[in-house]
Amino acid sequence: MNYQECRAYIDDSAKYGSVLGLDNMREMLGRLGNPQDDVPFVHVAGTNGKGSVIAYLYTTLTRAGYRVGRYISPTLYSYRERLEVAGERISREKFAGHVARISQVITQMTDAGLNHPTPFEIETAAAFLYFKEEACDVVLLETGMGGREDATNLITHPICSVITSISMDHMQFLGNTLSEIASAKAGIIKENCPVVSAWQEDAVKEVLVKEAERLKAQLYQPRKDAIRNLLYDMNGMQFDYVREDNSQWKIRLPLTGAYQAANAACALKVIEVLKEKTFPQLTLSVIQNGFQKVCWNGRFERVLEEPLCILDGAHNEGAALQLAKTLENCFTNRKITYIIGVLADKAHEKILKIMRPYSETVYAVTPHNGRALPAEKLSEEAKAAGYQTVITEPLIEDAVRHAIAESSREDVVLIFGSLSYLAEAKQAVIQYREGQKNDR
């Protein structure tokens with residue numbers, strides 16, 4: 001198999017559907033020699049903030065001199081972003097080699113009457129093989145949708161488990177209450193393994209505390225006042241991080257957004273735990289440098305200056321609430337135009353309602369995703385939510401071009417919703433920007 005054939009093989013695997021539970025994944029990994037047992041992991045679950053927390057840890061641990069792997073999904077600009085070691089994406093050749101080996105095992109399984117693994121299970125197995133081969137000092141492993149029944153959850157001895165902010169999302173799979181969703185996410189907590197939680201609502205915290213106590217896993221959480229003297233604008237943020245002993249770390253970030261302070265606090269608590277347990281090279285200067293150099297695309301990312309054009313992957317209720325706080329802080333008395341594309345299984349009506357106070361105008365688009373909500377339906381919901389000007393655009397490129405052209409230099413164009421269309425939107429902004437240069 002070459003790279004393209006492997007990609008097609010993974011995509012085609014979706015037709016076999018999925019079976020609840022981890023038995024199929026366990027069988028596949030067993031036939032592959034259980035590569036996950038030979039890799040040290042930091043396992044990260046949650047509703048929002050997983051990618052940002054991993055980005056902070058990845059940059060900081062790398063700058064400390066460790067060989068760090070990262071497994072994330074979904075990705076924004078390249079499929080191979082999901083598998084990375086020491087700042088380099090997996091090569092096409094290595095990826096193809098691992099998937100080809102996995103495909104042979106899958107043939108053995110199906111010949112024996114077992115179920116065909118899902119695309120995510122295949123990708124996760126390839127990740128385990130890759131990270132073992134690369135001899136990583138630590139791998140930052142992001143769960144898919146859940147936790148307890150997630151394909152990544154067959155690791156047995158993580159260095160640390162991490163639970164980022166939990167809110168309402170994927171209710172059809174994880175449960176209809178915060179407690180039920182928290183229970184699913186808490187499934188990554190392992191016996192006698194430290195677990196770090198971001199700040200959580202009381203219903204979530206209660207679930208995490210009980211599960212940690214049951215498994216004799218020490219639960220860590222940033223102090224409620226861990227973030228002090230917070231200042232942020234479009235250029236980033238700075239704050240004092242207060243530790244349990246009342247000592248303070250001065251932190252600067254190039255990222256902005258109300259949610260990033262909470263994500264940073266969670267990551268800093270993880271770093272405190274790792275520094276104490278196994279990673280002594282995490283000195284304060286390394287931590288400060290790592291946070292100052294972090295990069296995370298698609299999270300309040302500026303892609304054009306006049307008008308100011310921003311990309312943000314706020315695709316559920318919790319993320320929309322945080323995005324709204326950022327707009328209140330950064331854009332007083334500035335006209336904002338939205339470009340929105342969402343998936344049908346998200347709380348799109350709530351997202352529209354939360355974001356309504358900050359804009360009168362919406363361009364509705366359809367992401368290129370089988371689960372996408374059609375732009376026409378989104379437009380109907382936007383009108384019902386009270387937006388004054390609602391435009392349905394069949395092409396994302398046209399929505400970007402028209403929204404920017406109709407904005408003054410002082411205005412803001414905010415492109416948000418599903419991560420699945422942000423890469424295309426960013427490319428459209430770049431094409432518009434280059435076109436303007438050529439017209440001069």
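Owing to the predicted nature of the structure, the values given are computational and were not obtained by experimental measurement. Residues take their numbers from the sequence shown, with the count starting at 1.
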Taking only residues two or more places apart in sequence, or in another chain, which ones meet Phe239 in a ring-ring contact (aromatic ring centres under 6.0 Å, His included)?
-> none
NZ (Lys205) and CG (Leu208) are apart, to the nearest 0.5 Å, by 9.5 Å
Heavy atoms of other groups near Glu424 CD, more than 12 under 6.0 Å = yes
Counterpart residues, salt bridge (Lys or Arg N to Asp or Glu O under 4.0 Å), relative to Lys250 (two or more places apart) = Asp240
Distance-only, no hydrogens or angles: does the Tyr387 side chain make a donor-acceptor pair with backbone N or O of Leu352 under 3.5 Å?
-> yes
For Leu219 and Val209, run side-chain contact (heavy atoms from CB on, under 4.5 Å): C-alpha distance rounded to whole Å, both residues' side-chain angles, the deciding distance at 0.1 Å, then the answer.
-> CA-CA 7 Å; Leu219 176 64; Val209 167; 3.7 Å; yes
Enumerate the residue pairs fulfilling salt bridge (charged side-chain N to carboxylate O under 4.0 Å, His left out) with a member in residues 286-301, sequence neighbours excluded, ordered by first and then second residue.
-> Glu301-Lys426
Kindly compute the distance separating CD (Gln221) from CD (Glu244), expressed to the nearest 0.5 Å.
-> 10.0 Å
If we ignore angles and hydrogens, is there a donor and acceptor under 3.5 Å between the side chains of Thr326 and Tyr232?
-> no
Nearest heavy-atom contact between Ala403 and Val413 is O-CG2, 3.9 Å
Side-chain donor/acceptor of Gln200 to backbone N/O of Thr164, under 3.5 Å = yes
Just checking, is any N or O donor in the side chain of Lys190 or Asn153 under 3.5 Å from an acceptor N or O on the other one?
-> yes
Test Thr366 against Tyr421 for side-chain contact (heavy atoms from CB on, under 4.5 Å), laying out the working first.
-> CA-CA 8 Å; Thr366 307; Tyr421 85 101; over 6 Å; no
Could I get the full list of salt bridge (Lys or Arg N to Asp or Glu O under 4.0 Å) partners for Glu272, not counting sequence neighbours?
-> Arg243, Lys269
Shortest non-hydrogen contact between Val204 and Ala182, atoms and distance = CG1-CB, 3.9 Å
Which pairs count as ring pair (Phe, Tyr, Trp, His ring centres under 6.0 Å) when at least one residue sits in residues 269-288, sequence neighbours excluded?
-> Tyr66-Phe279
Do the ring planes of Phe331 and Phe300 sit parallel (below 30°), tilted (30 to 60°) or perpendicular (above 60°)?
-> parallel
Say whether, by atom type as modelled, one donor and one acceptor occur between the side chain of Ser161 and the main chain of His43 under 3.5 angstrom.
-> no
Distance-minimising heavy-atom pair for Val85 and Gly69 = CG2-CA, 4.0 Å
Distance col, row Lys275:NZ vs Leu268:CG, nearest 0.5 angstrom, shows 12.5 Å
Solution key, residues 57-65 side-chain donor-acceptor pairs under 3.5 Å, sequence neighbours excluded:
from  : atom 1 : to     : atom 2 : distance (Å)
Tyr58 : OH     : Glu84  : OE2    : 2.9
Tyr58 : OH     : Gly87  : N      : 2.7
Thr59 : OG1    : Ala55  : O      : 3.1
Thr60 : OG1    : Tyr56  : O      : 2.8
Thr62 : OG1    : Tyr58  : O      : 2.7
Arg63 : NH1    : Asn289 : OD1    : 2.9

Could you list all the side chain to side chain donor-acceptor pair (under 3.5 Å) pairs where at least one residue sits in residues 138-149, not counting sequence neighbours?
-> none
Would Ser179 and Thr177 count as having a side-chain donor-acceptor pair, cut-off 3.5 Å?
-> no
Kindly determine whether Arg252 and Gln288 satisfy side-chain contact (heavy atoms from CB on, under 4.5 Å), including the steps that lead there.
-> CA-CA 7 Å; Arg252 292 179 179 271; Gln288 291 171 323; over 6 Å; no
Just by modelled atom types, is the Glu410 backbone N or O under 3.5 Å from a matching donor or acceptor in the Arg334 side chain?
-> yes
Where the side chain of Tyr71 meets the backbone of Thr124, is there a donor-acceptor pair that is under 3.5 Å apart?
-> yes
Would you list the pairs meeting salt bridge (charged side-chain N to carboxylate O under 4.0 Å, His left out) in which at least one residue belongs to residues 354-369, sequence neighbours left out?
-> Arg356-Glu360
Glu380 and Lys383: salt bridge (charged side-chain N to carboxylate O under 4.0 Å, His left out), yes or no, with the steps?
-> CA-CA 5 Å; Glu380 292 175 7; Lys383 291 173 183 175; over 6 Å; no
Hey, are Glu134 and Lys94 close enough for a salt bridge, meaning a charged N less than 4.0 Å from a carboxylate O?
-> yes
Between Asn34 and Gln36: side-chain donor-acceptor atoms closer than 3.5 Å | yes
Can you name the nearest heavy-atom pair linking Ala364 to Ala375, along with the distance?
-> O-CB, 3.4 Å
How would you list, by chain and number, every residue that makes a ring-ring contact (aromatic ring centres under 6.0 Å, His included) with Phe41, sequence neighbours excluded?
-> Phe128
Side chain Ser13, main chain Pro119, donor-acceptor under 3.5 Å | no
Donor-acceptor contact below 3.5 Å, side chain Asp137 vs main chain Val68 = no
Residues at least two apart in sequence or cross-chain that pass ring-ring contact (aromatic ring centres under 6.0 Å, His included) with Trp249, listed by chain then number, are Tyr241
Tell me, do Arg302 and Thr256 make a side-chain contact under 4.5 Å, heavy atoms counted?
-> no
Is Phe120 close to Met25 at the side-chain level, that is, under 4.5 Å between some pair of heavy atoms?
-> no
Mind checking salt bridge (Lys or Arg N to Asp or Glu O under 4.0 Å) for Glu328 and listing every partner two or more places apart, or none if nothing turns up?
-> none
Quick one: which residue pairs count as a ring pair (Phe, Tyr, Trp, His ring centres under 6.0 Å) with a foot in residues 336-361, not counting sequence neighbours?
-> Tyr338-Phe416
Honestly, is Arg80 close enough over Phe95, meaning NZ or CZ under 6.0 Å from the six-membered ring centre and within 45° of the axis?
-> no
Do you know which two heavy atoms are closest between Val303 and Val429, and how far apart they sit?
-> O-CG1, 3.7 Å
Output the distance between atom CG (Leu419) and atom CG (Leu343), rounded to the nearest 0.5 Å.
-> 9.0 Å
Least distance between heavy atoms, Asn316 atom then Ala319 atom | OD1-N, 2.9 Å
Pairwise distance CG(Leu378) to CD1(Ile351) - rounded to 0.5 angstrom | 9.0 Å
How many angstroms lie between atom NZ of Lys50 and atom OG of Ser165, to the nearest 0.5 angstrom?
-> 10.0 Å
Stepwise side-chain contact (heavy atoms from CB on, under 4.5 Å) check, Ile188 with Ile163 = CA-CA 9 Å; Ile188 71 164; Ile163 312 288; 3.8 Å; yes
Sidechain N-carboxylate O distance under 4.0 Å for Lys210, Glu206 | yes
With no hydrogens and no angle check, do the side chains of Gln260 and Ser52 hold a donor and an acceptor under 3.5 Å apart?
-> yes
Any ion pair linking Arg26 and Asp23 (charged N to carboxylate O, less than 4.0 Å)?
-> yes
Mark yes when over 12 heavy atoms from residues, nucleotides or ligands other than Asp225 sit less than 6.0 Å from its CG; otherwise mark no.
-> yes
